[in-house]
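These values consider heavy atoms only, across backbone and side chains, with no hydrogens, waters or symmetry-generated copies. Note that the structure is a prediction, hence the values are computed from the model and not measured. In what follows, chains are A, B, ... by sequence order, proteins preceding strands, each numbered from 1.
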Number of protein chains: 2
Amino acid sequence: MPKSTALFTEQEIRLARYAKALSHPARVYIMEYLVKNANRCFYSGTISDELPIARSTLSQHLSALKDAGLIKGEINSPFIRYCIQQDNWDETKQLFTNLFV
Amino acid sequence: MPKSTALFTEQEIRLARYAKALSHPARVYIMEYLVKNANRCFYSGTISDELPIARSTLSQHLSALKDAGLIKGEINSPFIRYCIQQDNWDETKQLFTNLFV
DNA sequence: CCTTTGTTTCGTTATCTTACGAAATACAAT
DNA sequence: ATTGTATTTCGTAAGATAACGAAACAAAGG
């Protein structure tokens with residue numbers, strides 16, 4: 001009985017990628033923070049003071065969100081201003097909304 | 001400069017857990033399948049034939065969804081009938097909806 | 001009781017994740 | 001030129017994840 005070689009759809013892959021980006025409380029916290037604040041941007045240090053993790057660990061989580069495309073970082077040395085990546089965030093909402101029917 | 005020892009909220013932790021459960025295309029596929037089919041139940045073999053992964057790997061993914069509380073399995077030997085766990089699925093929707101504002 | 005069937009568990013391997021402190025970077029101000 | 005500040009990258013370690021095939025299991029049917 002041959003098993004289907006069909007791969008997953010692009011949408012399933014993208015949804016899984018966004019879900020993975022949100023699969024740690026710190027990253028959920030960050031996206032919450034961005035959504036709640038009208039400007040939808042923040043500096044790493046601002047959030048670091050509120051989280052029970054090392055700064056280097058926070059940096060890793062920021063990279064994960066950036067790699068997934070949910071945020072982008074604009075250098076404004078010595079600060080880095082992180083902002084929501086609205087197009088991908090909108091896509092995330094859309095993909096989840098579709099899943100939820 | 002003392003760092004806050006505040007932990008994450010229960011909601012952040014729960015949302016992250018549900019997101020993690022959805023962080024693989026196969027698991028997204030399974031939940032899609034459940035949502036699309038009115039009865040919201042299925043047998044492991046049905047879905048196995050459509051996925052490009054080994055049965056044992058599918059079993060692992062089913063365990064992950066079960067551990068996260070998104071599905072439950074009712075033994076109906078030699079079949080196992082997997083069904084959506086509606087209360088937790090509703091909570092998942094609610095938590096994501098809150099995040100999306 | 002033996003076999004078949006659908007499914008899980010086991011054993012294994014490779015890779016990814018999370019975490020931390022230390023060191024590096026990059027600019028501003030002294 | 002040196003110092004200070006904000007942040008990242010590096011190095012490392014522990015643990016989780018995803019994948020497979022082989023073996024185990026549990027009930028039904030012969």
Side-chain angles (χ1 to χ4, degrees), chain A residues 1-8 12-13 15-31 33 41-68 70-83, chain B residues 1-8 12-13 15-31 33 41-68 70-83:
Chain A
M1 203 67 69
K3 170 174 282 294
S4 164
T5 54
L7 296 174
F8 300 105
E12 281 156 0
I13 291 166
L15 181 44
R17 187 178 303 139
Y18 290 134
K20 188 170 190 173
L22 294 170
S23 70
H24 189 284
R27 298 196 294 263
V28 171
Y29 178 94
I30 292 166
M31 293 312 294
Y33 184 90
C41 295
F42 70 101
Y43 294 105
S44 163
T46 310
I47 253 181
S48 172
D49 294 338
E50 298 177 16
L51 291 183
I53 56 175
R55 273 159 203 276
S56 53
T57 304
L58 172 59
S59 197
Q60 265 184 193
H61 286 306
L62 291 172
S63 286
L65 288 171
K66 209 157 49 170
D67 290 348
L70 293 185
I71 63 172
K72 58 193 166 189
E74 294 160 7
I75 293 171
N76 186 8
S77 199
F79 298 88
I80 296 183
R81 179 178 169 82
Y82 285 102
C83 302
Chain B
M1 202 68 69
K3 170 174 282 292
S4 163
T5 54
L7 298 174
F8 300 105
E12 282 156 358
I13 292 167
L15 181 43
R17 186 177 303 140
Y18 291 133
K20 188 170 189 174
L22 293 171
S23 71
H24 189 286
R27 298 196 293 263
V28 171
Y29 179 93
I30 292 165
M31 293 312 293
Y33 183 91
C41 295
F42 71 101
Y43 293 104
S44 164
T46 310
I47 253 180
S48 173
D49 294 336
E50 299 177 15
L51 291 183
I53 57 176
R55 273 159 202 276
S56 52
T57 305
L58 171 59
S59 197
Q60 265 183 191
H61 287 306
L62 291 172
S63 285
L65 288 171
K66 208 157 51 169
D67 290 348
L70 293 185
I71 62 172
K72 57 193 166 188
E74 295 159 7
I75 293 171
N76 187 8
S77 200
F79 298 89
I80 296 183
R81 180 178 168 84
Y82 285 102
C83 302

TODO: State, to 0.1 Å, how close F8(A) and P52(B) come at their nearest heavy-atom pair, and which atoms those are.
DONE: CZ-CD, 4.1 Å
Task: Any S44(B) side-chain nitrogen or oxygen under 4.0 Å from OP1 or OP2 of dT8(C) - done: yes
Task: T57(A) vs dC20(C): side-chain N/O to OP1/OP2 distance below 4.0 Å - done: yes
Task: Separation of dT18(C) P from F8(B) CZ (nearest whole Å) - done: 11 Å
- [ ] Can you tell me the distance, in whole Å, between the CG atom of L58(A) and the P atom of dT8(D)?
- [x] 7 Å
Task: Minimum-distance nucleotide (side-chain atoms of Q60(B) versus dT8(D), dT8(C), dA19(D)) - done: dA19(D)
Open item on the list: Judged by each residue's nearest nucleotide on DNA chain D, which is more toward the 5′ side, F79(A) or S63(A)?
Closed with: F79(A)
Open item on the list: So, OP1 or OP2 of dT8(C): does either fall under 4.0 Å of a side-chain N or O from S59(B)?
Closed with: yes
Task: I53(A) CD1 - dT7(D) C1' separation (whole Å) - done: 14 Å
TODO: Assign K66(B) to base, sugar-phosphate, or nothing according to its heavy-atom contacts below 4.0 angstrom with the strands shown.
DONE: nothing
Open item on the list: Testing Y82(B), F79(B), Y29(B) one by one against F42(B) for a ring pair (Phe, Tyr, Trp, His ring centres under 6.0 Å), which residue passes?
Closed with: Y82(B)
Open item on the list: Distance check needed: dA27(D) P versus I80(B) CD1, whole Å only.
Closed with: 11 Å
Open item on the list: Using heavy-atom distances to pick each residue's nearest nucleotide on DNA chain C, tell me which of A26(A) and L62(B) is more 5'.
Closed with: L62(B)
Task: Euclidean distance, atom CG of residue D49(A) to atom P of dT7(D) [Å, nearest integer] - done: 9 Å
- [ ] Figure out the CD1/P separation between I30(B) and dT7(C), and round it to whole Å.
- [x] 13 Å
Task: Minimum-distance pair of heavy atoms, taken over all atoms of A21(A) and L70(A) - done: CB-CD1, 3.8 Å
Open item on the list: By nearest atom, which of the nucleotides dA18(D), dT7(D), dA22(C) is closest to the Y82(A) side chain?
Closed with: dT7(D)
Task: L65(B) CG to dA18(D) P, straight-line distance once rounded to whole Å - done: 10 Å
Open item on the list: Base, sugar-phosphate or nothing for R27(B)? Non-hydrogen atoms, less than 4.0 Å.
Closed with: sugar-phosphate
TODO: Please state how far atom CD1 in I47(A) lies from atom P in dT8(D), giving the value in whole angstrom units.
DONE: 12 Å
Task: N/O (side chain, H61(B)) to phosphate O (OP1/OP2, dT17(D)) under 4.0 Å - done: no
- [ ] Would you name the heavy atoms of L58(A) and S44(A) that are closest together and state the gap between them?
- [x] CD2-O, 3.7 Å
Task: Considering all heavy atoms, the nearest P25(B)-A16(A) contact - done: N-CB, 3.5 Å
Open item on the list: On the nucleotide dC16(C), are OP1 or OP2 found under 4.0 Å from the side-chain N or O atoms that K20(A) carries?
Closed with: no
